[in-house]
Amino acid sequence: MSCKEKIKHFFCEWKLPIITFAVALFLFKVVFLLAIVPTASMYPILPSPCYSFSIRATYWFNNPVRGDIVLFYRENGSKTIFAKRIIGMPGDVVEIKHGITYINGKILEEEYLRETPDNKNFGPFQVPDGYYFMMGDNRNNSYDSREWEEHFVPRNNILSKVYYSIPLSELVDDEHEKG
């Protein structure tokens with residue numbers, strides 16, 4: 001077989017896997033984002049540790065909204081990806097009094113909380129235009145906008161909206177059962 005025929009044979013045989021890999025790479029670099037969430041700050045919605053499946057495309061034409069769980073970078077220069085819930089929107093005044101969150105002077109209903117927040121006070125924080133205020137659902141064990149030096153996350157640092165998570169323990173248990 002000539003060199004030209006070998007090359008042609010190689011590309012015919014590997015064309016589909018190469019195209020599939022290229023499409024998957026594109027999708028997971030541009031459209032989707034998979035991340036491991038190592039902490040319990042979003043428990044029980046995002047168990048610790050877990051894989052989170054999120055979609056970058058959600059915010060291509062829409063802005064994030066209060067209540068969305070998002071993956072983002074803080075504005076402190078770190079390239080660590082964080083997962084938190086959006087609590088404060090641009091222009092909001094966020095204040096925590098005795099563990100209860102107030103947005104613009106009104107109590108924020110937070111059905112997703114599974115524990116009573118510690119009796120602490122934070123703020124008030126005036127969220128600047130183009131920025132968001134983030135908090136973890138596991139309020140008593142979350143390092144978030146309440147305590148960060150920069151307090152707010154710029155819109156450009158919000159990467160994706162989380163839609164689904166898989167606890168790593170389930171993956172490990174599945175492997176043991178197969179095994």
- Query: Is the Tyr73-Phe82 ring centre distance short of 6.0 angstrom?
  - Reply: no
**Proximity of Phe152 and Tyr132 rings by center, below 6.0 Å** = no
Inset, instruction - Evaluate side chain to side chain contact (heavy atoms under 4.5 Å, CB included) for Arg139 paired with Thr101, printing each intermediate quantity in order. - result: CA-CA 11 Å; Arg139 294 290 157 79; Thr101 303; 3.5 Å; yes
Between atom [atom1] of [X] and atom [atom2] of [Y], what is the distance when rounded to the nearest 0.5 Å?
X	Y	atom1	atom2	value
Phe32	Tyr163	CZ	OH	10.5 Å
Arg155	Met89	CZ	CE	10.0 Å
Asn62	Trp60	CG	CH2	12.5 Å
Leu33	Ile55	CG	CD1	10.5 Å
Ser165	Ile36	OG	CD1	12.5 Å
Asn138	Thr39	CG	OG1	9.0 Å

*Report the C-alpha separation of Tyr143 and Trp148 in whole Å, then their side-chain angles, then the decisive distance to 0.1 Å, and conclude whether the side chain to side chain contact (heavy atoms under 4.5 Å, CB included) test is met.*
CA-CA 7 Å; Tyr143 182 61; Trp148 298 336; 3.3 Å; yes
Check step by step if side chain to side chain contact (heavy atoms under 4.5 Å, CB included) holds for Met135 and Ser142.
CA-CA 7 Å; Met135 290 171 65; Ser142 179; 5.9 Å; no
Would a 4.5 Å heavy-atom cut-off, applied to side chains only, mark [X] and [Y] as touching?
X	Y	answer
Val65	Asn63	no
Ser48	Pro38	no
Ile69	Ile45	yes
Met134	Ile158	yes
Asn121	His98	yes
Tyr102	Lys97	yes
Glu75	Val153	no
Ile87	Ile103	yes

| request: Taking atom CZ of Phe21 as the centre, report whether more than 12 heavy atoms of other residues, nucleotides or ligands fall under 6.0 Å from it. | output: no
- prompt: Taking everything shown except Tyr59 itself, do over 12 heavy atoms lie less than 6.0 Å from its OH?
  reply: yes
Residue pairs meeting salt bridge (charged side-chain N to carboxylate O under 4.0 Å, His left out), one or both in residues 118-132, sequence neighbours left out, come to none
Here the salt bridge (charged side-chain N to carboxylate O under 4.0 Å, His left out) pairs for residues 99-108, sequence neighbours left out, are none
For the side chain of [X] and the backbone of [Y], is there at least one donor-acceptor N/O pair under 3.5 Å apart?
X	Y	answer
Asp137	Leu113	no
Ser145	Phe133	no
Glu115	Asn140	yes

Ignoring hydrogens, what is the shortest heavy-atom contact between [X] and [Y]? Give both atom names and the distance.
X	Y	result
Leu46	Val37	CD1-CG2, 4.3 Å
Pro17	Trp14	CD-O, 3.3 Å
Pro64	Ile86	CB-CD1, 3.2 Å
Ser41	Ala83	OG-O, 4.0 Å

Is it true that [X] and [Y] have a side-chain N and a carboxylate O under 4.0 angstrom from each other?
X	Y	value
Lys161	Asp68	yes
Arg66	Asp92	yes
Arg85	Glu110	no

| Side chains of Asn157 and Arg74: is there a donor and an acceptor less than 3.5 Å apart? | no
Under a plain distance cut-off of 3.5 Å, with no hydrogens placed, do Ser52 and Ser54 share a side-chain donor-acceptor pair?
no
### Message
With side chain to side chain contact (heavy atoms under 4.5 Å, CB included) as the criterion, how do Val70 and Val162 come out once you've worked through the C-alpha distance, each side chain's angles and the decisive distance to 0.1 Å?
### Response
CA-CA 5 Å; Val70 296; Val162 175; 6.0 Å; no
For Glu149, the side chain to side chain donor-acceptor pair (under 3.5 Å) test, sequence neighbours excluded, returns none
